[in-house]
Amino acid sequence: MSPYAAGRRRVHRSVAAVVPLAVAAALLSARSADASAPAAQAQVVRTATLGDVPLGTFSNGLLTGSVADDRGVDLGGIGSDIYPAGRKGEFWTVTDRGPNGQIKVNGSKRRTFPVPGFDPAIVRIKVTGDTVRVLRALPITTSSGKPVTGLPNQAGRDEAPYSYDARTALSYDPNGLDTEGIVRAADGSFWLVDEYGPSLVHVSARGEVLTRYVPRGLGLTGTDYPVVEALPEVLLHRKINRGFEGLAQLPGGDLVIALQSPLSLPDTDAGEASLTTRLLRFSPKRKAVTAEYAYRFDPVGVVDPGEDDTSELKISSVVAVGGDRLLVEERTDRAARLQVVRLDRKADILGGRWDDDTTSPSLEQLADPAGSGVPVLAKRLAVDLGKVAGVPGKIEGVARVDHDTLALINDNDFGMTDGTGAFDAQGRLVDSGIETKVVHVRLPRGI
């Protein structure tokens with residue numbers, strides 16, 4: 001048994017086994033005949049929870065001595081994405097950069113890393129009944145086998161890292177990754193996306209970073225793995241902590257990368273107010289971006305009724321659903337909607353004026369991009385998860401289980417909150433109580 005296993009298996013008896021066939025048939029007939037019955041709705045059909053695993057135990061089991069003090073934090077954050085592992089109930093997931101928060105000091109927010117030795121990991125899980133168990137975990141390492149860590153890369157570009165109480169400055173780490181989306185290639189290797197660069201990261205089946213693809217002009221040096229400047233330079237304008245988050249693998253092997261939020265182009269105010277972000281198509285064979293698309297969010301009040309801050313909109317997951325079609329998750333921390341999108345070749349804007357950061361107004365500043373001649377991707381609502389009872393907040397990972405069913409996973413932020421109250425007087429976590437959950441949602445009309 002895995003040392004990370006938590007909980008016990010539960011036996012569920014099938015309803016079909018205890019309801020006589022004739023009765024079941026009569027019930028079905030009655031439902032079909034009732035024209036006044038409400039239309040079928042998407043519904044949660046399973047909820048499973050990850051048990052408590054001390055973060056130090058988890059991390060040191062992968063890389064001995066990597067975490068000296070986990071400050072009472074349990075394993076969490078594996079909800080950055082979810083991808084089918086090929087066996088029923090099993091999925092690949094990936095952690096983000098680790099426990100982190102914000103504390104105001106003299107009126108300015110500081111980014112805290114309570115467990116700076118934490119190494120992002122690829123985690124294989126199994127959903128059994130109402131329990132999520134860790135079957136296997138791969139530490140993400142450099143070429144020489146060292147942990148990549150989750151610490152920021154570059155002073156002046158990334159937030160400065162601080163200790164849990166925001167009093168002590170920590171060192172930057174050019175190897176650090178804020179991992180998010182995950183897919184597994186046919187050869188067993190993995191592709192991940194990262195928010196810092198932003199970057200696309202190719203990782204071996206053992207967890208070693210093979211290549212990190214970053215925007216042209218980033219100038220990242222000092223890494224212990226190969227870095228290739230192969231992405232559009234305009235991505236240097238990504239919003240802090242809002243780099244790449246969604247990643248999908250198309251049937252032919254191409255990757256689709258989602259920029260979490262609109263670029264800060266030409267400035268922060270423009271990015272905060274914009275409803276237009278970007279998707280990229282990347283060819284692993286050519287090791288190059290082959291297309292770029294403009295993606296338009298719905299107004300924030302449509303995605304999350306009651307919310308009026310446009311900057312709360314994010315894309316956290318993209319899922320291939322056949323051919324050039326995707327499910328795209330538009331969300332806030334409280335609500336999410338899944339849209340079906342087709343990657344139309346005629347909508348490709350790669351290398352055009354919208355990739356030139358001197359273009360004015362920028363793509364992000366256009367109130368009506370389509371009206372200005374930008375070929376914005378068409379979309380169709382598949383499901384409003386905010387209206388499905390039992391779906392937790394902050395869904396960051398979506399996977400297709402079958403034609404009718406999706407698996408969703410939330411990011412519980414390792415049970416952390418922002419502010420000075422995140423840790424007690426002894427420096428131990430005051431847990432938020434939010435658990436990592438995998439929820440299965442059945443769609444009445446399929447995907």
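This structure is a prediction, so every number in the text was calculated from the model and none was measured.
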Open item on the list: Can a donor-acceptor pair be found, under 3.5 Å and without considering hydrogens, that links the side chain of Q339 to the backbone of L381?
Closed with: yes

Open item on the list: Is it the case that the side chains of R353 and T359 hold a donor-acceptor pair, with the cut-off being a distance below 3.5 Å and no angle test?
Closed with: no

- [ ] Begin from the C-alpha positions of R342 and D324 and carry the test salt bridge (Lys or Arg N to Asp or Glu O under 4.0 Å) through to its verdict.
- [x] CA-CA 6 Å; R342 186 174 69 84; D324 284 344; 5.9 Å; no

Task: Greater than 12 external heavy atoms within 6.0 Å of R442's CZ - done: no

- [ ] Would you tell me whether Y225 and E208 have side-chain atoms, one donor and one acceptor, within less than 3.5 Å of each other?
- [x] no

Open item on the list: Checking the side chain of D119 only, and the main-chain atoms of I140 only, is there a donor and an acceptor separated by less than 3.5 Å?
Closed with: yes

Open item on the list: Between D368 and G371 (side chain of the first, backbone of the second, donor and acceptor by atom type, cut-off under 3.5 Å), is there such a pair?
Closed with: yes

- [ ] Check for a donor-acceptor pair, side chain of K285 on one end and backbone N or O of G253 on the other, with a separation under 3.5 Å.
- [x] no

Open item on the list: Side chains of T49 and K437: any donor to acceptor distance under 3.5 Å?
Closed with: yes

- [ ] Count the heavy atoms belonging to other residues, nucleotides or ligands that lie under 6.0 Å from CZ of R216, then report whether that count exceeds 12.
- [x] yes

- [ ] Give me the ring orientation class for H202 and W191: parallel if the planes are under 30° apart, tilted from 30 to 60°, perpendicular past 60°.
- [x] parallel

Open item on the list: Side chains of T149 and D173 only: does a donor on one sit below 3.5 Å from an acceptor on the other?
Closed with: yes

- [ ] Assess whether salt bridge (Lys or Arg N to Asp or Glu O under 4.0 Å) is satisfied between R97 and D194, documenting all intermediate values.
- [x] CA-CA 9 Å; R97 58 184 169 179; D194 151 76; over 6 Å; no

TODO: Answer yes if the side chains of E364 and T276 hold a donor-acceptor pair under 3.5 Å, and no otherwise.
DONE: no

